[in-house]
*Asks:* 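Sending over a structure as structure tokens; questions will come in a sec.
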Amino acid sequence: MKVDPAKHLVDGKYAIQDLVDLRELRNLFQSFSDTTGFTVGFLNVPQLEVLIAANWRRLCTKYHRMCPLALKRCRESNIRLVSHLKRPGQIVIEACENGLVDCATPIFIRGKKVAILATGQVFLKPPDLERFRRQAKRYGVDERAYLKALREIPVIAPKDLKKVTAFLGQLAHLVTRMGYDHLLQKRLSGNLTRDIIRRITVEEELKKSRKTLKAIFDNSYQFTGLLTPQGLLLEANRTAMNFAGAKIQDVKNKPFWEAPWWRHSGPVREKLRASIRRASRGSFVRHETTVCAQDGSVREIDFSIKPVRDEKDKVIFLIPEGRDVA
């Protein structure tokens, strides 16, 4: 039956090779194998590719894995063994088709079975020599050399085999989990970096846009500004400030009707205050009025105040504009 590899990818994209440093894990398993004498096999799922093989028995590496028929039987045994491993922490002991006993446990990350860890290539009781003599003949290998390799295989008690497999499984899961967490940190870091770059790009574009708008705003031939709904002056363009002979910092955040344009007339200021109140309630206001230049001359203008609303229809700004009537 064909198995979909995507079903064994963590987060739909990561195989076991993406989650661990195989060289580091290989060194770890090799040290364990050298110390205890137990073999270690680490296979990915579902491909069952052998990623790590530590101190495998000579009977397997030199004979079973070198003979096409024996290798085929090895692979069939692996497939059957993996099919029995269905939950985290499960341990299965099973004899392979070539007569050796393996013990395996699955590695699950976020609900996905991503690898199999196995030890074994042992016997649970003394082997049947006649079986292996027939097997040597079937595989076409030298019987004497084959049986010599057979005598190197230890006989292990089942409980000891399970203990070793459980320990190795916990170790592999810990390393894999750490690898996954490290990968997540890298991914989050990468996302954060991309977000920062994107934010910087957006901010740079906004700065360019603001400069462009400011240039248009300042170079407009008409008087233009920006007010709060209460009538405080937030911004005024260069045309207006040059006409008044003042700087924006001198009038910013002050009532618009107290700006130098209106200094010549109390009634004009009162009419202006009334216009701001109407505009702050949402009305577009327009009328003719007079403004005073820095040299004392008076100019008649067509004056308007436009309310700016937010998405909730609330007035958030007022835009005053004035242009010469002449």
Side-chain angles (χ1 to χ4, degrees), residues 187-326:
R187 188 173 68 181
L188 289 173
S189 176
N191 289 340
L192 180 59
T193 301
R194 286 192 294 274
D195 287 344
I196 291 172
I197 293 172
R198 189 181 300 113
R199 190 177 302 118
I200 290 173
T201 303
V202 170
E203 287 175 354
E204 287 177 348
E205 291 300 321
L206 285 173
K207 285 179 182 178
K208 291 179 182 177
S209 299
R210 289 191 193 106
K211 286 181 179 179
T212 302
L213 290 172
K214 187 72 166 62
I216 295 171
F217 179 72
D218 277 339
N219 289 288
S220 173
Y221 69 91
Q222 63 187 26
F223 309 130
T224 305
L226 184 67
L227 311 177
T228 68
Q230 294 76 33
L232 300 181
L233 182 63
L234 299 175
E235 191 62 77
N237 70 345
R238 187 181 298 131
T239 303
M241 298 313 302
N242 288 344
F243 179 79
K247 295 180 179 179
I248 185 62
Q249 54 264 36
D250 297 330
V251 294
K252 194 170 185 177
N253 296 320
K254 294 181 179 179
F256 185 50
W257 53 87
E258 294 180 4
W261 306 288
W262 323 107
R263 56 192 163 206
H264 66 293
S265 174
V268 169
R269 292 178 184 171
E270 289 304 316
K271 186 175 182 180
L272 181 61
R273 293 181 70 172
S275 296
I276 289 173
R277 285 194 293 270
R278 286 175 58 199
S280 67
R281 292 193 290 267
S283 298
F284 175 75
V285 178
R286 184 177 183 180
H287 56 76
E288 289 186 3
T289 188
T290 55
V291 291
C292 184
Q294 60 175 323
D295 60 3
S297 63
V298 176
R299 186 184 301 182
E300 192 170 333
I301 63 170
D302 178 14
F303 180 73
S304 66
I305 303 179
K306 179 182 179 181
V308 178
R309 304 172 185 272
D310 63 11
E311 66 277 3
K312 296 182 179 179
D313 205 36
K314 180 181 178 181
V315 175
I316 54 174
F317 296 114
L318 301 176
I319 299 178
E321 293 180 342
R323 66 186 70 189
D324 285 328
V325 173

*Asks:* Minimum heavy-atom separation for Ala279 to Pro307, with atom names?
*Replies:*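 In terms of heavy atoms, the two residues are closest at O-CB, 3.5 Å.
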*Asks:* Are the side chains of Ile319 and Leu226 in touch, meaning some heavy atoms are under 4.5 Å apart?
*Replies:*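 Yes, at least one pair of side-chain atoms sits under 4.5 Å.
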*Asks:* What closest approach, in Å, do Ser304 and Phe284 show between heavy atoms, and which atom pair accounts for it?
*Replies:*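 That closest heavy-atom pairing would be CB-CZ, 3.8 Å.
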*Asks:* Could you check whether any side-chain N or O of Ser283 sits under 3.5 Å from a backbone N or O of Val285, counting only pairs where one atom can act as donor and the other as acceptor?
*Replies:*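 Looks like no, no N/O pair under 3.5 Å.
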*Asks:* Do Phe303 and Val291 have side chains that get closer than 4.5 Å, going by heavy atoms?
*Replies:*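 SC-SC contact between Phe303 and Val291 ruled out.
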*Asks:* Output the distance between atom OG1 (Thr228) and atom CD1 (Ile316), rounded to the nearest 0.5 Å.
*Replies:*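 These two atoms lie 11.5 Å from each other.
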*Asks:* If I compare all heavy atoms of Ile276 with all of Gly231, which pair ends up nearest, and what's the gap?
*Replies:*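 Closest heavy-atom pair between Ile276 and Gly231: CG2-CA, 3.8 Å.
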*Asks:* For Gln294 versus Ala244, what's the shortest heavy-atom pair and its separation?
*Replies:*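 That would be CB-O, 3.5 Å.
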*Asks:* Rounded to the nearest 0.5 Å, what's the gap from OG1 on Thr224 to CD on Glu321? Could you check?
*Replies:*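 With rounding to 0.5 Å, OG1 (Thr224) is 4.5 Å from CD (Glu321).
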*Asks:* Do the rings of Trp261 and Phe256 sit parallel, tilted or perpendicular, given the 30° and 60° boundaries?
*Replies:*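 Tilted, since the angle between the ring planes falls between 30° and 60°.
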*Asks:* Distance-only, no hydrogens or angles: does the Arg299 side chain make a donor-acceptor pair with backbone N or O of Ala293 under 3.5 Å?
*Replies:*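 No.
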*Asks:* Report yes if some heavy atom in the side chain of Thr239 is under 4.5 Å from a heavy atom in the side chain of Gln222; otherwise report no.
*Replies:*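 Counting from C-beta outward, Thr239 and Gln222 never come under 4.5 Å.
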*Asks:* Arg273: what forms a side-chain hydrogen bond (donor to acceptor under 3.5 Å, both in side chains) with it, not counting sequence neighbours?
*Replies:*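 side-chain hydrogen bond (donor to acceptor under 3.5 Å, both in side chains) check on Arg273 returns nothing, list empty.
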*Asks:* If you look only at pairs with a residue in residues 278-296, which of them pass as a salt bridge (charged side-chain N to carboxylate O under 4.0 Å, His left out), with sequence neighbours excluded?
*Replies:*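 Qualifying pairs: Arg286-Asp302.
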*Asks:* What is the minimum heavy-atom distance between Leu318 and Ser280, and which atoms define it?
*Replies:*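 The pair with the smallest heavy-atom distance is CD2-N, 4.0 Å.
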*Asks:* With Asp250, which residues qualify under side-chain hydrogen bond (donor to acceptor under 3.5 Å, both in side chains), at least two apart?
*Replies:*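 Asp250: no side-chain hydrogen bond (donor to acceptor under 3.5 Å, both in side chains) contacts found.
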*Asks:* Between Ala240 and Phe223, what is the shortest heavy-atom contact and its length?
*Replies:*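 Closest approach of Ala240 to Phe223: CA-CD2, 3.6 Å.
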*Asks:* Quick one: CG on Leu232 to NZ on Lys252, what's the gap to the nearest 0.5 Å?
*Replies:*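 Here the interatomic distance stands at 12.0 Å.
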*Asks:* If you define the side chain from C-beta out and look only at heavy atoms, does anything of Leu234 sit under 4.5 Å from Asn253?
*Replies:*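 With C-beta onward as the side chain, the pair touches.
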